[in-house]
Amino acid sequence: IYGLWNVIGKSGLISLFKLIPWCHKNGLDDIIENVGSGLSPHVVETWLLNNCELFNKTNTLDLRNHHLGDEGVIALSNILMKHNKAFSMEMLNLEGNNTGVEGAKALAEMIKVNASLKKIDLRRNKFGSTGWIKIFNGIKENENCKLEELNLYDENIGIEGAKSLAEMLKVNASLKK
């Protein structure tokens with residue numbers, strides 16, 4: 001249902017998410033193209049938990065280009081940390097979500113404790129050097145890290161970010177691309 005946000009607005013979208021306990025195939029993409037930030041963390045948590053089995057079956061949570069921003073990525077990261085044992089997905093796509101440093105900090109905290117993610121796509125966000133340093137440190141501090149692929153294509157990680165990346169690569173044996 002494309003363009004739904006423009007038709008029913010935030011309150012209508014929240015009501016819709018409360019009524020739909022599950023969806024098929026690709027999760028959120030089947031319901032709406034652009035969620036936007038503004039959904040409460042409780043609504044996002046309820047939706048994720050209701051679809052946990054689906055995400056684990058497909059091994060993917062694809063939220064690219066959903067305009068989550070810092071607020072949405074912080075909520076998502078907190079939910080994935082809180083329910084770490086419930087989610088065993090291997091791929092998280094957060095490409096193009098206008099996420100900044102605060103979202104990157106939350107992602108880094110989630111990455112520190114995640115033992116299932118093998119691929120993370122974080123390109124086309126606005127983490128800056130500070131955000132990337134947090135993410136690289138999160139990967140470095142995860143003793144159970146299985147991350148094989150980290151997509152940061154077209155990102156400006158800066159000199160300090162590059163140094164942090166190099167330090168992370170010294171201790172991370174799983175990252176291949």
Side-chain angles (χ1 to χ4, degrees), residues 17 22-37 39 41 43-128 131-155 157 161 165 168-169 172 174-177:
F17 271 94
W22 58 269
C23 60
H24 57 88
K25 292 186 186 173
N26 297 321
L28 194 55
D29 286 336
D30 290 340
I31 295 176
I32 188 167
E33 182 179 60
N34 293 305
V35 173
S37 58
L39 291 178
V43 171
V44 174
E45 180 175 20
T46 300
W47 185 81
L48 282 169
L49 290 174
N50 285 339
N51 289 284
C52 181
E53 186 177 321
L54 171 70
F55 300 133
N56 290 338
K57 185 185 287 185
T58 62
N59 290 323
T60 300
L61 179 54
D62 188 345
L63 294 172
R64 70 180 146 203
N65 301 317
H66 282 291
H67 312 288
L68 297 175
D70 283 337
E71 181 183 356
V73 170
I74 289 168
L76 174 66
S77 297
N78 288 337
I79 291 162
L80 293 177
M81 279 191 298
K82 179 179 175 184
H83 302 285
N84 190 29
K85 301 284 187 214
F87 290 95
S88 61
M89 62 200 151
E90 296 178 358
M91 170 35 160
L92 176 62
N93 189 339
L94 294 175
E95 173 193 352
N97 273 292
N98 287 327
T99 307
V101 174
E102 295 306 312
K105 288 178 185 177
L107 274 171
E109 292 302 312
M110 182 273 295
I111 290 169
K112 282 182 191 178
V113 299
N114 185 285
S116 65
L117 283 174
K118 292 184 178 180
K119 296 180 183 180
I120 303 177
D121 190 338
L122 299 174
R123 63 194 152 139
R124 294 183 41 236
N125 282 291
K126 300 175 181 182
F127 300 149
W132 282 111
I133 290 169
K134 295 288 185 188
I135 289 171
F136 298 146
N137 285 338
I139 295 168
K140 185 170 85 173
E141 293 174 26
N142 183 340
E143 294 176 5
N144 299 310
C145 186
K146 293 182 179 154
L147 193 61
E148 297 174 359
E149 185 175 323
L150 176 63
N151 192 337
L152 46 88
Y153 176 78
D154 206 20
E155 287 294 316
I157 65 172
L165 173 61
M168 180 268 292
L169 289 172
N172 182 291
S174 65
L175 202 57
K176 298 173 184 164
K177 306 179 25 169

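When reading the values below, keep in mind they use all heavy atoms of this one structure, side chains included, and skip hydrogens, waters and symmetry mates.
For the residue pair Thr60 and Met89, the shortest heavy atom distance occurs at N-CB, 4.0 Å. Nearest heavy atom pair, residue Asn97 against residue Leu63, reads ND2-O, 2.9 Å. Taking both residues in full, the closest heavy atoms of Gly103 and Asp70 are given as N-OD1, 3.0 Å, listed atom of the first, atom of the second, then distance. Looking at every heavy atom in both residues, Ser77 comes nearest to Ala106 through CB-O, 3.5 Å. When all heavy atoms are compared, the tightest approach of Met91 to Asp121 is CE-CB, 4.3 Å.
Annotation: the span from Ile79 atom CD1 to Ile74 atom CD1 amounts to 12.0 Å, rounded to 0.5 Å. One distance of note links NZ of Lys177 with CD of Glu148; it measures 10.0 Å at 0.5 Å rounding. To the nearest 0.5 Å, atoms CG (Leu169) and CG (Leu165) are separated by 4.5 Å.
With hydrogens and angles disregarded, a donor-acceptor distance shorter than 3.5 Å links the side chain of Asp62 to the backbone of Arg64. The main-chain N or O of Ile111 is found under 3.5 Å from a side-chain atom of Asn142 such that the two form a donor-acceptor pair.
Ser116 is linked by a side chain to side chain contact (heavy atoms under 4.5 Å, CB included) to Asn114, counting only residues two or more places apart in sequence or in another chain. Partners of Glu155 under the salt bridge (charged side-chain N to carboxylate O under 4.0 Å, His left out) rule, at least two apart in sequence or in another chain, do not exist in this structure. With sequence neighbours excluded, no residue forms a side chain to side chain donor-acceptor pair (under 3.5 Å) with Asn93. In this view, Asn125 and Thr99 satisfy the side chain to side chain donor-acceptor pair (under 3.5 Å) rule, not counting sequence neighbours.
The shortest side-chain heavy-atom distance between Leu147 and Ile139 falls under the 4.5 Å cut-off. Within the 4.5 Å cutoff, the side chain of Ile120 has no heavy atoms near those of the Leu107 side chain. In this structure, the side chains of Leu92 and Met110 come closer than 4.5 Å at one or more pairs of heavy atoms. Annotation: side chain of Lys140 is not in contact with side chain of Asn172 (no heavy-atom distance under 4.5 Å).
The list of ring pair (Phe, Tyr, Trp, His ring centres under 6.0 Å) pairs with a residue in residues 106-127, not counting sequence neighbours, reads Phe127-Trp132. The salt bridge (charged side-chain N to carboxylate O under 4.0 Å, His left out) contacts involving residues 93-117 comprise Glu95-Arg123, Glu95-Arg124, Glu102-Lys105, Glu109-Lys112, Lys112-Glu141, where partners must be two or more places apart or lie in separate chains.
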Test side-chain contact (heavy atoms from CB on, under 4.5 Å) applied to Leu152 and Leu122, step by step:
CA-CA 6 Å; Leu152 46 88; Leu122 299 174; 5.8 Å; no
